[in-house]
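The first residue in the sequence is number 1, and the count goes up from there.
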Amino acid sequence: MPSTTVETPPEADVSLSHGLKQRHLSMIALGGVIGAGLFVGSGAGIAAAGPSIVVAYALSGVLVMLVMRMLGEMSAAYPSSGSFSAHAERAIGPWAGFTAGWSFWVLLCTAVGLEGIGAAKIVSGWLPGTPEWAWVALFMVVFCGTNLAAVKNFGEFEFWFAALKVGAITLFLALGVLAVVGVLPGTDSPGASNLTDFLPNGGEGLVIGLLASVFAYGGLETVTIAAAESENPVRGVASAVRTAMWRIALFYIGSMAVIVTLVPWDSKEVVEKGPYVAALDHLGIPGAGQLMNVVVLVALLSAMNANIYGASRIAYSLVERGQGPKVLGKVSSGVPRTAVLTSSVFGFGCVLLSYWRPDDVFSWLLNMIGAVILVVWIFIAVSQLRLRRRLERETPEKLVVRMWAFPALTWVALAGMAAIFVLMAREPGTRVQLYSTGGMTLALAAAGYAWQRARARS
């Protein structure tokens, strides 16, 4: 469908508040890269790939840097709470914005439930006998309430959550490096003894680790959504994107390198306790493992808060562009409160399904969102290919952030995404996710195209 049908979709953020300060956005960008996937999901990747998990995180990290650069270029030129969904509509057509936006909304809402379950398991471990669902409900009420109030409340929560995460992982890296070089009191340097079997499970193990690392990076897009409600959206996006490279290299790749150097990759504790807790326990620092559990809890709660926010803003933007139920677009005191409530209820519904129908409905839902982030990245890359040329021709002054080596690296990123799809199709554990996500994407694309045609006729 020609993109001329939506050359300039309405910028729908005029009724949202702009209560996020630059310090909020800066810390959201810094802490947002330290997600629950890094703390919780990296253990399985290490168990599969061994020390080569560092290579897996480096490869996927390069892809994520390219995606963030492309998204930053478009978001600095066209700030919108719809982020990539609004860019896809502008570049490709309404059906593309519809597909990217609603698939990401389902992903975020489901993730809210999963993060609530993870947080509840930690707290129930500290307080045995307390029902996990009750803790999830409490977390939902707290963060739903936070997001129902002014957006600055979301910003304050994320500011302090991010500060704690950044401080904790920086301390972890410092202790780890000291232990590796043998100057941490009470510990002996392992040298390279844990790195000798670099590819313990061969190429297949590296592939599994690569797929695990790709999905650990999910959530970086939130900063471009939040930027639309900041005091200076263009400056905020530009700053976040330009510092993405060192943040990914330090927090993800650096911490993986420290962990696999300190702890044998095949240690059961890496999966059972989590890689960060296992590394600190290995160092014999009293109480450090439990302290890291607190940090993991904070990371999960931070992700819940951010995903409720992101889901509500994506839904709001879609409705304002005429792509959803109008009730979700109602704004009160600068906040889309109906969208916040709906997103929270959907997330808690996922939690209930995990207890009521864990083997069929909930499992199907998890498979359906398994590859959504890759679908979103493809929309980002294709949108950037089309919008960049339009910007250079019509409004070059809006190119505050520029994609490196355009268009070569955009095509490299697309090739990388295609390669990941092929790898997912080869692995039995991820094949069903790929097909389930593909089915949902096709269904949404068909619905979006039908809506686009109906609107064109009217």
Side-chain angles (χ1 to χ4, degrees), residues 37 40-50 52-67 70 84 88 92 95-96 99-108 110-111 114 199-221 252 271 359-385 409-449:
V40 180
S42 52
I46 292 173
S52 67
I53 192 67
V54 178
V55 175
Y57 268 89
L59 290 173
S60 55
V62 169
L63 178 59
V64 172
M65 289 177 198
L66 296 179
V67 171
M70 289 184 277
F84 52 84
I92 306 170
W95 71 269
T99 306
W102 284 117
S103 60
F104 196 67
W105 182 82
V106 173
L107 170 65
L108 290 184
T110 307
L114 294 174
L199 271 171
N201 294 314
E204 287 296 306
L206 178 59
V207 166
I208 295 172
L210 177 64
L211 295 177
S213 65
V214 165
F215 300 114
Y217 285 109
L220 297 178
E221 304 83 4
Y252 277 85
V271 176
D359 299 323
D360 45 26
V361 179
F362 186 66
S363 177
W364 168 79
L365 183 61
L366 293 185
N367 286 328
M368 196 170 66
I369 65 169
V372 165
I373 196 66
L374 283 171
V375 172
V376 168
W377 289 356
I378 286 175
F379 275 116
I380 289 172
V382 174
S383 300
Q384 192 266 339
L385 273 174
L409 286 184
T410 301
W411 284 109
V412 168
L414 279 167
M417 296 170 206
I420 292 171
F421 276 129
V422 172
L423 293 176
M424 289 187 72
R426 290 180 61 247
E427 293 294 324
T430 54
R431 187 180 301 133
V432 66
Q433 295 179 7
L434 178 63
Y435 296 158
S436 298
T437 299
M440 181 182 73
T441 303
L442 289 174
L444 285 172
Y449 186 73

*Hey, are the side chains of T437 and I369 touching, using non-hydrogen atoms and a 4.5 Å cut-off?*
no
*If only atom types and distance count, is the side chain of S436 paired as donor or acceptor with the main-chain N or O of M368 below 3.5 Å?*
no
*Can you measure from CG (L211) to OG1 (T430) and round to the nearest 0.5 angstrom?*
5.0 Å
*About how many Å separate CD of E204 and CZ of R426, when rounded to the nearest 0.5 Å?*
5.0 Å
*Check for a donor-acceptor pair, side chain of S103 on one end and backbone N or O of A100 on the other, with a separation under 3.5 Å.*
yes
_Separation between OG1 of T410 and CD of Q384, rounded to the nearest 0.5 Å_ = 4.0 Å
*Indicate the atoms forming the closest heavy-atom contact of A381 with M417, along with that distance.*
CB-CE, 4.2 Å
_Straight-line distance of L206 CG to N201 CG, nearest 0.5 Å_ = 10.5 Å
*Apply the test side-chain contact (heavy atoms from CB on, under 4.5 Å) to residues V375 and F104: give CA-CA distance (whole Å), side-chain angles for both, the deciding distance (0.1 Å), then the verdict.*
CA-CA 9 Å; V375 172; F104 196 67; over 6 Å; no
*Do R431 and M424 have side-chain heavy atoms sitting under 4.5 Å apart?*
no
*Taking all non-hydrogen atoms of both residues, which atom of V214 and which atom of L374 are closest, and how far apart?*
CG1-CD2, 4.3 Å
*asked:* Go through it in stages, so that I can follow the logic: the residues are S42 and Y57, the test is side-chain contact (heavy atoms from CB on, under 4.5 Å), and I'd like the CA-CA distance, side-chain angles, deciding distance and then a yes or no.
replied: CA-CA 10 Å; S42 52; Y57 268 89; 3.4 Å; yes
*Which is it for I420 and L63 under the side-chain contact (heavy atoms from CB on, under 4.5 Å) test, yes or no, and what are the steps along the way?*
CA-CA 11 Å; I420 292 171; L63 178 59; 3.5 Å; yes
*Nearest heavy-atom pair of A212 and G45: which atoms, and what distance?*
CB-CA, 4.1 Å
_Side chains of W377 and L414 in contact at under 4.5 Å (non-hydrogen atoms)_ = no
*Answer yes or no: is there a side-chain heavy-atom contact under 4.5 Å between V372 and M440?*
yes
